[in-house]
Every structure is written in C-alpha cells, then in structure tokens.
Amino acid sequence: MRSKKFIRKLICPTAMLLVAGMLSGCGSVPELTAKASAMIQELDFDGALAELDKAMEAGENARQVERCRGIAYMGLTEYDKAVECFQNALRTSNGILQDFDFDTNFYLAAAYTKLGRYAEAQERYDAILALRSGEADAHFLRGNARMNLGNFTGAIEDFEQVISLEPKNYDRLIEIYEVLAHFGYKEAGQEYLRTALASGDKQMDNYVIGRIYYYLGEYQKAYLALEEAREKGGVKSYLYLGRSYEATGDYNYAASVYNNYLSKYDGNAEVYNQLGLCEMMKGEYRKALEAFQAGMKLGQSEMLQTLSFNEIIAYEHLGEFQQARALMNNYVKNYPDDEQARREYGFLSTR
C-alpha cells in the first residue's frame, strides 16, 4: 500500500487576491452589462462574455464592459486577456480618478499576481497607495506581492501598516500570519498573534481566541474555545474546530464535527473536503471518495481542483487504478500547472 498522499485545502491569501466583492458586479450599469455581471456571479463566464459582446455592440459604457470582461476572463483563468481588458478600462479614463479606477487597479493587480508578475502587481498597489495611503487592502496585497518578490522587510512594513489601520481586525491579522507562515516566517507571524492575545481586548471573543490558539499550535485550548463558539463564525467555526481535533489525531471526533455541520446546514465543499481527508486518515477510502464527490457536486469552483485531485487519490487507495488514471488524464488537461499531479500521473501510468 502506498503512503497516504493527498492535498489539503490551504487557503493562503497570496492565492486569493480577488478582493471581497470582486465578482459582485460592476456598479450602476446599463442593462446588458448588468446581466453579464449577474452571470459572472453565477459563474457563467462564457455566457457573460457573450452578453458583453452584445453590450458593446449596443453602445453601452465601454469602460464598464471592459472591466466586466476582465472579471469574466479571471473566472476562466485567462489572465493575459483579463490584463488586457483591465488596461483598456483604465486607458479610457477621462483623467479624473474615480472609484472605478481604483477598483480596476485592484483587479489588474490581481491578474498580474495570478500570472506571477509580482513587480507589476506591486506597481498597481503603489499607484493606489500614492493617492489613498489609508487603503488597508492595498497595503495587505502589496505585502503579498513583496513577499513573492523576496522583500520581507517591505512586506512587514505593509503588514504593520495594516495592523495600525485596523488594530481590531483579527481576521486580517490571521491572514497576515498565514502569508508569513506560507513563506517560511511562521514565528514572525505567531508573534503578531501572541501580541494580540496578550492585549486583553474584550472584543476578542472565543471564535477569535480559538483560531489564534489553533495557529499557535495550542490545539486543546483551540478546540475548547471553538466549542464555545461553534455557531459564532458559521462554517469557519466548524472547520477550525474540526481541524483542531484533527491536529490532535482525533479524526473520529473531527469527522463528527463535519458531519454535524452537514446535517444542519446546506452543503459546503470545504467541509466535504475536510470530511474526506478525515476518512482517508481513518483508512475509510470509500467514505472519503463519497465525501469528495459530494463536495464536487456542489459546483463551488474555488474547491473543485482540490476535490478533483483528492477524488483521484481516493480511487488509488481503493486500488481502482484505471478510473484514477482516466480522471488524472482529464485533471492534468484542466490544471496543467499542477506539478504534484504530473508526478502522480507518472505513477498511475505505470499501474
């Protein structure tokens, strides 16, 4: 039997650079562009592009059309085309900077980041901050870009500026920790968390405290706090609670946490993924497969790649190599940049 090799869903902000609300539409817009924006929210990116072609032919606002096109191309992972669209939207400015221009610069920076063009992403954030120095999102995202460029000192300056601007935004503080840990600076990130925990802030509830303890590696304290706050953070409370039990090796109880959520609320792809991972650790590969497939049926695009890969690994552990090979062949076509998948494909081709 091969070793248990499968991927977890690591949510690192460097991979989530579409800022909150990015797909929420294009503001106050004409009819066809608004329809395309709604289609983007439904993840119908091809349909949105077709509608935007009609909008352009009908003479609707070209800047709004180009920006929405860029967002649709982002959804299709065609980042080069997205860059071109966002540049077109900015190029047609009348010279008076508006919220539209600032937002579009965020989108353009996100597209550059997806392409690994971090220096150009940083330039966009520089431009935003030159005019709006108090933009916490821009500081945070520029910190991400700087980390990717190996500029730890510059990134820390941005992150500390974020903390200064939003001293009680503990969600953002945890994101800063995640970025630092992702790049190998876990201790530096934990120091920020310890400082927050020691502050005695009465607004810091058990949901915040439990998450901080989780990232500090104090898992018993984490799950004790999170049990008290099980409903506070919605699905995230259950995910942190389950992961805290996983970290102690109690996969049975962790699985019961995820099953409890799924019995009470609408399905969530990330919860199904974590449940599947727990079942994998227990050696219950058929149950794991069922969990991954249930998550895939929800069609939540941000988890589809992870669930698809884990489905393949479950089939491998079940000894169903022909099915695993067929799925992997399709997977590497859809996600050609996944080097881990290519190595796994090499293994499967020998079975």
Side-chain angles (χ1 to χ4, degrees), residues 13-45 48-49 51-53 55-56 60-115 117-146 148 158-159 161-162 165-166 169 171-172 175 179 301-302:
T14 56
M16 295 181 63
L17 291 172
L18 301 186
V19 294
M22 184 172 184
L23 296 180
S24 63
C26 302
S28 178
V29 294
E31 181 181 356
L32 293 172
T33 308
K35 182 178 178 182
S37 178
M39 295 171 82
I40 287 172
Q41 293 182 67
E42 296 296 321
L43 308 183
D44 182 5
F45 304 117
L49 288 170
E51 205 65 31
L52 290 165
D53 287 340
M56 191 66 86
E60 291 190 359
N61 186 296
R63 294 224 302 158
Q64 293 174 339
V65 169
E66 287 290 358
R67 185 171 75 170
C68 285
R69 272 182 178 160
I71 296 172
Y73 279 126
M74 290 286 281
L76 292 170
T77 70
E78 296 184 38
Y79 303 119
D80 283 316
K81 291 182 180 179
V83 165
E84 184 179 349
C85 291
F86 295 139
Q87 288 175 334
N88 288 340
L90 290 168
R91 202 174 286 127
T92 54
S93 170
N94 61 7
I96 301 174
L97 291 177
Q98 303 170 344
D99 288 341
F100 179 98
D101 301 288
F102 285 99
D103 292 343
T104 304
N105 268 301
F106 272 112
Y107 303 159
L108 178 56
Y112 280 139
T113 298
K114 290 292 186 179
L115 290 167
R117 294 161 61 176
Y118 302 112
E120 288 163 290
Q122 179 177 296
E123 288 175 1
R124 292 298 91 207
Y125 298 127
D126 288 344
I128 293 168
L129 290 166
L131 293 167
R132 293 185 178 179
S133 60
E135 285 280 343
D137 285 337
H139 277 294
F140 173 68
L141 293 166
R142 189 174 68 176
N144 276 265
R146 285 175 165 177
N148 276 286
D158 271 321
F159 294 151
Q161 185 66 22
V162 172
L165 290 166
E166 302 178 333
N169 187 344
D171 290 337
R172 179 57 59 81
E175 288 179 336
V179 174
S301 61
E302 71 278 6

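Positions are given from 1, in the same order as the sequence printed here. Since we're looking at a predicted model, the values are computed, not measured.
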Check: When rounded to the nearest 0.5 angstrom, what distance separates CG in Asn88 from OG1 in Thr104?
Finding: 11.5 Å

Notebook entry, point to check: What closest approach, in Å, do Leu108 and Leu90 show between heavy atoms, and which atom pair accounts for it?
Noted result: CD2-CD1, 3.9 Å

Next item on the list: Considering non-hydrogen atoms only, spot the tightest contact between Met39 and Ala48 and give its length.
Entry: CE-N, 3.8 Å

Next item on the list: For residues Cys68 and Ile40, report the shortest heavy-atom separation together with the two atoms involved.
Entry: O-CD1, 3.5 Å

Check: Looking at CG of Leu76 and CD1 of Ile71, how far apart are the two atoms once the value is rounded to the nearest 0.5 Å?
Finding: 12.5 Å

Item checked: Side-chain touch Gln161/Ser133, heavy atoms, less than 4.5 angstrom -> no

Note to self: If you define the side chain from C-beta out and look only at heavy atoms, does anything of Val162 sit under 4.5 Å from Glu166?
What the structure shows: yes

Check: Would you call Phe86 and Asn105 a side-chain contact if the rule is heavy atoms closer than 4.5 Å?
Finding: no

Margin query: Check this for me, if you would: do Arg132 and Asp137 make a salt bridge, where the nitrogen-to-carboxylate-oxygen distance has to be below 4.0 angstrom?
Written below: no

Notebook entry, point to check: Between Tyr73 and Leu49, is a side-chain contact (heavy atoms from CB on, under 4.5 Å) present by the stated rule, with each step listed?
Noted result: CA-CA 8 Å; Tyr73 279 126; Leu49 288 170; 3.6 Å; yes

Next item on the list: State whether a side-chain donor-acceptor pair under 3.5 Å links Glu60 with Thr33.
Entry: yes

Margin query: Is the positively charged end of Arg67 above the ring of Phe100, judged by distance under 6.0 angstrom from the centroid and angle within 45° of the axis?
Written below: yes

Checklist line | Ion pair check, Arg63 and Glu66, cut-off under 4.0 Å | finding: no

Note to self: On a heavy-atom basis, which atom in Ala82 and which in Gly70 lie closest, and how many Å separate them?
What the structure shows: CB-O, 3.4 Å

Next item on the list: Could you tell me whether Arg172 sits above the aromatic face of Phe140, with NZ or CZ closer than 6.0 angstrom to the six-membered ring centre and within 45 degrees of the axis?
Entry: yes

Check: Any sub-3.5 Å donor-acceptor pair from His139's side-chain atoms to Tyr125's backbone N or O?
Finding: no

Margin query: I'd like to know if the side chain of Glu135 reaches the main chain of Ile128, judged simply by a donor and an acceptor atom lying under 3.5 Å from each other, with no hydrogens or angles considered.
Written below: no

Notebook entry, point to check: So do the side chains of Tyr79 and Thr113 get within less than 4.5 Å of each other, counting heavy atoms only?
Noted result: no

Note to self: To check you understand the geometry: which heavy-atom pair defines the closest contact between Asp53 and Arg69, and what is its length?
What the structure shows: OD1-NH2, 2.8 Å

